[in-house]
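Below: one structure, written as structure tokens.
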Amino acid sequence: MIDSAEGVRSRIWSVIRKIPRGRVATYGQIAALAGIAGQPRRVGQALRSVPSGDSIPWQRVVSAGGVLGLGRYDPMAGWEQRVRLEQEGVRFGRRGRVSLTEFGWKGRNPPRRRASKKRAR
DNA sequence: ATGCTGACTATGT
DNA sequence: TACATAGCCAGCA
């Protein structure tokens, strides 16, 4: 079965919509899940085609290493992305990066206060 | 048809 | 850590 460009684009959006709240996924990860591994740039291109007003959670899509990459396309969007993510509970590191280990989709769970054996408190 | 661009990533210096 | 380069391939002039 062929992969029409539009089919791929739909799949990309579909994958992005599945990213849980409070988590983030990288372009590469999304590309792989959408069946176009190795072509993360197409994810960005698909996102660019998202009709404004659409409820797609684009803010959960980040560049490799947890970097917010939107700055190149629209500096203001980069700022908004950070605000939105923080509202979902995502915390940023010193250089404005997200810890993929803790917030990456399927990476690990978000920090839960002392979930270890040492009793919290 | 050809060539350049890009919401990217990995690697090298 | 930061910048440069190569690989990638669908859009667009």
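Keep in mind that the numbers below use all heavy atoms, side chains included, and drop hydrogens, waters and symmetry copies.
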Step-by-step salt bridge (Lys or Arg N to Asp or Glu O under 4.0 Å) determination, Arg84(A) to Glu80(A): CA-CA 6 Å; Arg84(A) 286 202 188 193; Glu80(A) 186 185 333; 3.0 Å; yes

For atom CD of Gln29(A) and atom P of dA7(B), their distance in whole Å: 21 Å

Minimum side-chain heavy-atom gap Ile30(A)-Trp13(A) below 4.5 Å: no

Trp79(A) CH2 - dA7(B) C1' separation (whole Å): 19 Å

Carboxylate-amine/guanidinium proximity below 4.0 Å for Arg60(A) and Glu88(A): yes

Min side-chain heavy-atom separation Trp105(A)-Val24(A) under 4.5 Å: no

Base dG11(C) to side chain Arg42(A), donor-acceptor N/O within 3.5 Å cut-off: no

Most 5' of Gln45(A) and Pro40(A) on DNA chain B, judged by nearest nucleotide: Gln45(A)

Interatomic distance, Tyr27(A) OH vs dC8(B) P [rounded to whole Å]: 5 Å

Within-4.5 Å side-chain heavy-atom neighbours: Val62(A) and Val67(A): no

Shared hydrophobic cluster, Phe92(A) / Phe103(A) (ILVMFWY, side-chain heavy atoms < 4.5 Å): yes

Pairing residues for Arg82(A) by the salt bridge (Lys or Arg N to Asp or Glu O under 4.0 Å) criterion, not counting sequence neighbours: Glu86(A)

Near-strand residues of residues 8-18 of chain A, defined as heavy-atom separation under 4.0 angstrom from DNA chain B: none

Other cluster members, Val83(A) - Ile/Leu/Val/Met/Phe/Trp/Tyr, side-chain contacts below 4.5 Å: Trp79(A)

Heavy-atom side-chain proximity of Leu100(A) to Thr26(A) below 4.5 angstrom: yes

Arg48(A) CZ to dC9(C) C1', straight-line distance once rounded to whole Å: 16 Å

Restricting to nitrogen or oxygen on both sides, can you table the protein-nucleotides 1-4 of chain C pairs closer than 3.5 Å?
residue	atom	partner	partner atom	Å
dA2(C)	OP1	Arg95(A)	NH2	2.7
dA2(C)	OP2	Arg95(A)	NH2	2.9

Return a table of donor-acceptor pairs under 3.5 angstrom between the side chains of residues 38-55 of chain A and protein atoms on other chains or two or more places apart.
residue	atom	partner	partner atom	Å
Ser49(A)	OG	Gln45(A)	O	3.2
Asp54(A)	OD1	Arg17(A)	NH2	2.9
Asp54(A)	OD1	Ile56(A)	N	3.0

Backbone N/O of Ala77(A) and side chain of Gln59(A): donor-acceptor pair under 3.5 Å: no

Residue closer to the 5' end of DNA chain C, Gly38(A) versus Ala5(A) (nearest nucleotide): Gly38(A)

Atom-pair distance (CG on Leu68(A); P on dT9(B)), nearest Å: 12 Å

For DNA chain C, the residues among residues 51-60 of chain A that have a non-hydrogen atom under 4.0 Å from it: none

Distance test, side-chain N/O of Arg41(A) to OP1/OP2 of dC8(C), below 4.0 Å: no

Contact under 4.0 Å: Ser63(A) side-chain N or O vs dA7(B) OP1/OP2: no

